[in-house]
Amino acid sequence: MKIVGRVKRFAKVAGEMVSLEVVEKMAVASSPNGAHAASTQADLQRGETIVLFTTDGALSRDVLQTTARNNGWPEIAVPRKIVRVDALPLLGTGKLDYVTLTKWAETA
């Protein structure tokens with residue numbers, strides 16, 4: 001077995017550290033019936049951009065901003081990009097495959 005990389009669960013957006021878990025909780029609060037996962041993508045001006053992958057085609061940035069305001073979550077945690085997918089990548093254990101998610105985010 002070979003470990004390829006360390007899973008990074010924070011984004012550095014405009015100098016601020018943002019928990020990707022908070023982004024995912026925001027998505028679940030906005031769309032409880034969808035599956036959601038957050039990753040990052042390099043951004044020359046902001047450091048990183050948060051990319052949210054979701055199975056809910058109706059989930060929008062406006063809905064996420066409202067949820068963030070209502071729950072006291074920081075505006076900077078609202079993802080700039082939302083990508084609709086049919087299903088999230090899973091490992092054989094049923095857990096999210098963050099390595100694949102990171103690759104998806106690089107090309108999103």
Side-chain angles (χ1 to χ4, degrees):
M1 183 166 123
K2 181 174 140 183
I3 297 175
V4 179
R6 187 174 146 221
V7 175
K8 182 180 164 196
R9 298 301 297 148
F10 286 89
K12 189 156 191 174
V13 180
E16 298 285 329
M17 294 302 288
V18 178
S19 167
L20 295 179
E21 187 176 331
V22 167
V23 175
E24 292 166 352
K25 284 180 181 180
M26 183 187 317
V28 168
S30 299
S31 170
N33 296 324
H36 316 282
S39 190
T40 61
Q41 145 183 112
D43 184 318
L44 293 175
Q45 289 146 354
R46 295 172 52 89
E48 290 180 315
T49 293
I50 299 170
V51 181
L52 178 69
F53 294 94
T54 181
T55 58
D56 182 352
L59 187 60
S60 69
R61 197 159 193 280
D62 289 339
V63 171
L64 291 168
Q65 285 176 322
T66 300
T67 301
R69 273 193 300 272
N70 292 343
N71 290 283
W73 289 317
E75 171 79 22
I76 200 162
V78 176
R80 292 236 174 221
K81 291 187 178 181
I82 300 171
V83 179
R84 164 77 170 80
V85 294
D86 291 329
L88 297 175
L90 301 176
L91 299 171
T93 60
K95 293 182 179 182
L96 278 172
D97 181 352
Y98 288 106
V99 173
T100 299
L101 212 58
T102 301
K103 289 178 185 173
W104 286 6
E106 289 170 0
T107 60

Any donor and acceptor pair, going by atom type alone, linking the side chain of T55 with main-chain N or O of A35 inside 3.5 Å? yes
Lys/Arg N to Asp/Glu carboxylate O, R84 vs D86, below 4.0 Å: yes
Do NZ/NE/NH1/NH2 and the carboxylate oxygens of E48 and R80 come within less than 4.0 Å? no
Just verifying a value: how many Å separate K81 NZ and D43 CG, rounded to the nearest 0.5 Å? 8.0 Å
Closest approach of L96 to A37 (non-hydrogen atoms, all atoms of both residues): CD1-CB, 3.7 Å
Rounded to the nearest 0.5 Å, what's the gap from CG on L52 to CD1 on I82? Could you check? 6.0 Å
Identify whether the distance between the nearest side-chain nitrogen and carboxylate oxygen of K12 and E16 falls below 4.0 Å. no
Under a 3.5 Å cutoff, is there a donor and acceptor pairing between the side chains of E106 and Q41? no
For residues L20 and A38, report the shortest heavy-atom separation together with the two atoms involved. CD1-O, 3.9 Å
Provide the closest heavy-atom pair for A87 versus W104 in the form atom of the first, atom of the second, distance. O-CH2, 3.7 Å
Rounded to the nearest 0.5 Å, what separation is found between the CG atom of D97 and the NZ atom of K103? 8.0 Å
Please report the interatomic distance CG(D56) to CG(L59), rounded to the nearest 0.5 Å. 5.0 Å
After noting the C-alpha distance and the side-chain angles of D62 and T66, does the key distance pass the side chain to side chain contact (heavy atoms under 4.5 Å, CB included) rule? CA-CA 6 Å; D62 289 339; T66 300; 5.6 Å; no
Is it true that atom CG of N70 has more than 12 heavy atoms of other residues, nucleotides or ligands lying nearer than 6.0 Å? yes
Do L90 and Y98 share a hydrophobic cluster, counting only Ile, Leu, Val, Met, Phe, Trp and Tyr and linking them when any side-chain heavy atoms are less than 4.5 Å apart? yes
H36 side chain vs M26 backbone, donor-acceptor pair below 3.5 Å: no
May I ask whether V83 and L88 are part of the same hydrophobic cluster, defined by side-chain heavy atoms of I, L, V, M, F, W, Y residues being less than 4.5 angstrom apart, directly or through others? yes
Shared hydrophobic cluster for V28 and V18 (ILVMFWY, side-chain gaps under 4.5 Å): no
V23 vs L64, test: side chain to side chain contact (heavy atoms under 4.5 Å, CB included). Steps then yes/no. CA-CA 9 Å; V23 175; L64 291 168; over 6 Å; no
Let me confirm one number: the OG-CZ distance from S30 to R61, rounded to the nearest 0.5 Å. 12.0 Å
Assess the residue pair L101 and F53 against the criterion (side chain to side chain contact (heavy atoms under 4.5 Å, CB included)); give the C-alpha distance rounded to whole Å, side-chain angles, the decisive distance to 0.1 Å, and a yes or no. CA-CA 8 Å; L101 212 58; F53 294 94; 3.7 Å; yes
Spatial distance of atom CD (E24) from atom CD1 (I50) [nearest 0.5 Å]: 10.5 Å
I would like to know whether R46 and I76 meet side chain to side chain contact (heavy atoms under 4.5 Å, CB included); could you show each step before the answer? CA-CA 11 Å; R46 295 172 52 89; I76 200 162; 4.2 Å; yes
